[in-house]
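So the structure is just underneath, and the comments pick up after that.
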Amino acid sequence: MTWSESRCGLSCWRPANSDFASQAATNGATLCAIQSVISRCRSVTSGPVSVGLRHRGGIWPPLLPPCPDLPVAMVRTRFAPSPTGYLHIGGVRTALFNWLFARKHGGQFLLRIDDTDQQRNVEAALKPILDGFRWLGIDWDEGPEVGGPHAPYYQSQRSARYQTAVDRLLESGAAYRDFAKTEEVQAEREAAKKEERTFVYSRRFMAETDAQAAAFESEGRQGVVRIKTPRDGTLVIDDLVRGRVEFPWANEQDHVIQRADGTCLYHLASVVDDFDFQISHVIRAEEHLSNTPRQVFIAQALGYPLPQYAHLPYVAEPGSKTKMSKRKLDKYLKNVDFKKVNDQGLKIAQAIGLTTSAETFNPVIVDFYEQVGYLPDAIINYLLLLGWSLDDKTEIFSRDAMIANFSLERVNKAPASFDPQKLVSFQERYMNALPLKQKVALVLPYLQRAGLISSPPPCDTGPRLSAVLTAAGDRIKVAGDILECREFFVADDALEYDEAAFQKRLRDAPESVALLRKFRDRLATVEPFDVPTLEAALNEFVAAEGIKVAQIIHALRVALTGKGVGFGLFDTLAILGRESSLARIDRAVAKLAAS
RNA sequence: GCCCCCAUCGUCUAGAGGCCUAGGACGUCGGGUUCUCAGCCCGAUAACAGGGGUUCGAAUCCCCUUGGGGGUACCA
């Protein structure tokens with residue numbers, strides 16, 4: 001049996017215990033696949049490696065004897081953003097899976113910029129994307145800013161490579177110059193549609209010789225280059241997540257690979273780059289599955305070994321299975337959970353004086369989360385579980401744990417819809433686990449940008465912020481939530497009151513106010529002014545007056561913070577200190593008297 | 001239209017023919033705890049798209065239907 005005959009999954013395992021170690025499907029002839037399987041085995045064992053077929057339900061005896069001398073191919077993956085000016089959350093998921101796969105197998109992850117279509121300002125449009133990846137902790141071994149042995153990593157700078165490929169394709173007859181006008185092809189397409197058959201270009205304006213080309217050109221026609229797609233036979237792809245997929249060649253088009261102006265199109269460029277960059281695994285979104293045949297055709301015509309393909313399901317819209325796009329923001333905002341996350345972000349952005357536009361600031365775009373104060377680890381953890389799972393219970397993964405456990409085998413086939421609520425739940429868990437010191441550092445810039453703390457901060461900021469964050473506990477879900485606690489950072493005479501709370505707890509509650517005035521004098525002498533002493537003092541006061549705690553505590557909270565809801569009352573008093581507490585009670589009482 | 005992919009609670013998922021009376025998480029709804037809020041604890045709700053096979057036995061394998069998604073560009 002030869003490898004090219006094998007269309008089954010390839011596996012390898014540790015001979016010692018036959019433990020299943022790693023699996024890869026192979027697309028017919030790719031030696032690269034075998035090498036990659038072996039290299040993956042190398043990462044888990046140092047002994048001899050057997051390669052054989054894996055069958056659902058069991059491992060079959062090895063078909064090849066251990067062959068330790070086979071060259072070990074490096075795992076190299078890539079993510080290819082186009083410079084659009086923002087980093088889409090779905091793109092991050094794809095990049096994450098590429099990154100995890102490379103890291104898991106000790107390979108490289110690279111970034112290549114798909115700017116065949118863009119003209120200017122690529123750098124500016126790229127910056128938010130690179131910043132986003134950096135913020136998320138997804139690092140790249142080769143690509144923009146870091147360079148690498150295969151530079152340049154911008155498609156716009158690689159046209160010479162593409163031209164060489166086009167020339168070779170033309171020379172071998174795998175591609176041809178075509179002089180049809182757009183309308184002429186369009187007419188054929190419509191005719192096919194009318195007759196309910198698959199459109200196949202007639203090649204009526206195909207020029208296979210220079211003389212033919214010259215003749216067309218003399219008519220004033222302009223030539224593009226098309227691939228000469230086979231018209232019969234079937235292409236079989238063994239996709240690492242979808243398994244065996246077959247495409248009849250007859251349904252494929254003679255796609256254009258080079259425009260009349262000499263610029264090349266994505267499919268050509270992508271195939272050439274993947275070869276040049278020695279990409280071993282092409283891991284990308286499902287939208288490219290149907291595009292794979294034309295890419296395979298180009299690669300094979302060029303004599304390139306094929307990479308392994310893995311097509312990931314989409315990240316779908318909240319509550320739907322449609323691919324998520326930032327263009328349909330209006331629609332997503334009708335989803336209550338999505339809107340909630342969006343509105344909270346907007347509120348924080350406004351409080352820190354951030355000018356936002358829906359284009360670049362919304363929950364589909366990564367920058368949103370950074371600005372609002374989410375934790376990168378929470379987002380990564382959430383995204384990891386969108387289409388992948390380890391088992392039926394593990395949910396929290398450190399970076400090391402996700403790298404150690406990730407595998408393409410466990411990627412789901414069905415699209416997963418983006419659930420803002422679940423993301424928030426991860427964020428809460430991570431925020432909660434964050435050490436106080438880091439929380440302080442995370443939150444401080446928000447207070448500064450909102451003008452509540454100067455920059456550089458006064459020296460009592462650290463302790464006060466720590467005290468506030470401790471008292472706040474899990475009320476701070478994202479860093480920007482600290483702005484909900486502004487009452488601890490404003491001057492006593494600048495405190496704002498929630499009118500509804502003021503009405504309910506003070507104006508409409510004269511008996512509470514009377515108690516408040518009385519307790520104020522007690523507060524003036526409590527020593528020390530700390531939580532246990534304050535609590536004891538209040539309990540004593542309540543007992544002496546024969547009242548319930550609730551009769552005074554709410555009034556006191558409104559007087560101190562201006563709000564009806566907040567931290568524990570004794571925490572609040574202790575943080576404010578005696579002086580502020582008394583001043584605020586006096587101010588509230590005065591306000592009451594004034595109205 | 002044609003081609004390709006997909007299908008388990010509202011959502012993310014576990015599930016490799018008997019461990020399934022289908023498990024976990026998020027959400028939702030009750031109850032408890034606390035000075036409010038947040039949290040926490042306890043409980044409940046809720047799914048194998050439909051129909052045919054194969055098999056002693058099907059969420060799991062096969063076929064059909066339905067539904068969803070993607071492709072069919074001189075976009076990426």
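These numbers come from the heavy atoms of this one structure, side chains and all, not from hydrogens, waters or symmetry mates. Values in this document were obtained by computation on a predicted structure and should not be read as measured data.
- In this structure, A:S270 does not reach the B:A76 phosphate: none of its side-chain N or O atoms is under 4.0 Å from OP1 or OP2.
- Closest to the side chain of A:S290, out of B:C5, B:G70, B:A38, is B:G70.
- Sequence order on RNA chain B of the closest nucleotides to A:F418 and A:H288 puts A:F418 first from the 5' end.
- In this structure, B:A7 forms a base pair with B:U66, meeting either the Watson-Crick or the G-U wobble geometry with both donor-acceptor distances under 3.5 Å.
- Looking at A:S417, its side chain never comes within 3.5 Å of a backbone N or O of A:A316 through a donor-acceptor pair.
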The test is salt bridge (Lys or Arg N to Asp or Glu O under 4.0 Å); show your working for A:R197 and A:E195 and say whether it passes. CA-CA 6 Å; A:R197 59 176 167 81; A:E195 294 166 35; 3.0 Å; yes
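- B:U33: Watson-Crick or G-U partner is B:G39, with both key distances under 3.5 Å.
- The listed nucleotides are B:C35, B:C12, B:C74; the one nearest the side chain of A:R226 is B:C74.
- Cation-pi contact between A:R78 and A:F277: absent, since separation from the ring centre below 6.0 Å together with deviation from the ring axis within 45° is not met.
- Remark: aromatic rings of A:F418 and A:Y332 are distant, center separation not under 6.0 Å.
- For B:C37, the base has a donor-acceptor partner in the side chain of A:R475 [N/O atoms by modelled type, under 3.5 angstrom].
- Separating the P atom of B:A58 from that of B:C41 is a span of 40 Å, rounded to the nearest Å.
- Once rounded to the nearest 0.5 Å, the distance linking CZ of A:R242 with CD1 of A:I237 reads 11.5 Å.
- Residues from residues 310-322 of chain A that place a heavy atom under 4.0 Å from any atom of RNA chain B, listed by number: A:Y314, A:K321, A:T322.
- Rounded to the nearest Å, the gap between the C1' atom of B:C48 and that of B:A7 is 10 Å.
- Note on A:K413: a side-chain N or O is less than 4.0 Å away from OP1 or OP2 of B:C6.
- Nucleotides B:C63 and B:A22 are separated by 25 Å at their C1' atoms, to the nearest Å.
- Ring pair A:F406/A:F97: centre-to-centre distance below 6.0 Å.
- OP1 and OP2 of B:C6 both lie 4.0 Å or more from every side-chain N or O belonging to A:N412.
- Contact annotation: A:R410 reaches the phosphate of B:G15 (side-chain N/O to OP1 or OP2, under 4.0 Å).
- Comparing the same atom, P, in B:U45 and in B:A25 gives a spacing of 15 Å after rounding to whole Å.
- Nucleotides B:C20 and B:C9 have their C1' atoms positioned 15 Å apart, rounded to a whole Å.
- If you take atom C1' in B:A47 and the same atom in B:G23, they sit 12 Å apart, rounded to whole Å.
- Of all heavy-atom pairs spanning A:A269 and A:Q155, the tightest one is CB-NE2, 3.6 Å.
- Of the candidate nucleotides B:C6, B:C74, B:A76, B:C6 has the atom nearest to the side chain of A:P415.
- Aromatic pair A:H288/A:Y266: centroids less than 6.0 angstrom apart.
- Residue contacts for A:A414: at a heavy-atom cut-off of 4.0 Å it reaches the sugar-phosphate backbone alone, with no base atom in range.
- B:U72 and B:G1 make up a base pair, with Watson-Crick or G-U wobble contacts both under 3.5 Å.
- Of all nucleotides listed (B:U72, B:C12, B:C35), B:U72 comes nearest to the side chain of A:Q253.
- A:D391 comes within contact range of the sugar-phosphate backbone alone, with a heavy-atom separation under 4.0 Å but no base atom that close.
- Interface remark: the A:H267 side chain does form a donor-acceptor pair with the B:A76 base, using a distance-only criterion of under 3.5 Å.
- Look at the P atom in both B:G32 and B:A38: the space between them is 16 Å, to the nearest Å.
- Nucleotide B:C20: unpaired (no Watson-Crick or G-U wobble partner with both distances less than 3.5 Å).
- Picking from B:C35, B:G69, B:U36 the nucleotide with the shortest atom distance to the side chain of A:V549 gives B:C35.
- OP1 or OP2 of B:A73 lies within a sub-4.0 Å distance of a side-chain N or O belonging to A:R189.
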Determine, step by step, whether A:E484 and A:R475 satisfy the salt bridge (Lys or Arg N to Asp or Glu O under 4.0 Å) criterion, reporting the C-alpha distance in whole Å, the side-chain angles of both residues, the deciding distance to 0.1 Å, and the verdict. CA-CA 9 Å; A:E484 299 289 320; A:R475 290 173 182 85; over 6 Å; no
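- Side-chain atoms of A:R242 stay outside donor-acceptor range of the base of B:C6, with no qualifying N/O pair under 3.5 Å.
- Using a 4.0 Å heavy-atom distance criterion, A:N251 is classed as a sugar-phosphate-only contact.
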How does each nucleotide of nucleotides 25-32 of chain B score, in 5' to 3' order, for protein heavy atoms under 4.0 Å: base (B), sugar-phosphate only (S), or none (-)? BSS-----
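- If A:S417 and A:Q155 are placed on RNA chain B by their nearest nucleotide, the residue sitting closer to the 5' end is A:S417.
- For A:F199, the listed nucleotide lying nearest its side chain is B:A73; candidates were B:C3, B:A73, B:G71.
- A:R284 comes within 4.0 angstrom of nothing in the nucleic acid, heavy atoms only.
- Looking at A:K228, A:R189, A:R231 one by one, the single match for salt bridge (charged side-chain N to carboxylate O under 4.0 Å, His left out) with A:D254 turns out to be A:R231.
- Geometrically, A:R522 does not engage A:F519 in a cation-pi contact, judged by NZ or CZ lying under 6.0 Å from the ring centre and within 45° of the ring axis.
- B:G18 and B:U55: their C1' atoms are spaced 12 Å apart (whole Å).
- Counting only heavy atoms from C-beta on, A:K477 has its side chain closest to B:A38 among B:C74, B:C12, B:A38.
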Evaluate the criterion salt bridge (Lys or Arg N to Asp or Glu O under 4.0 Å) for residue pair A:E499 and A:R507; output intermediate values, then yes/no. CA-CA 10 Å; A:E499 281 307 325; A:R507 231 188 283 282; 3.6 Å; yes
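- Within 4.0 Å (heavy atoms only), A:G473 reaches no atom of the nucleic acid at all.
- Counting non-hydrogen atoms under 4.0 angstrom, A:L569 reaches a base of the nucleic acid.
- Residue-level contact check: A:Y266 touches the bases, meaning some heavy atom is under 4.0 Å from a base atom.
- No engagement by A:Q258 is indicated, since no non-hydrogen atom pair under 4.0 Å with the nucleic acid exists.
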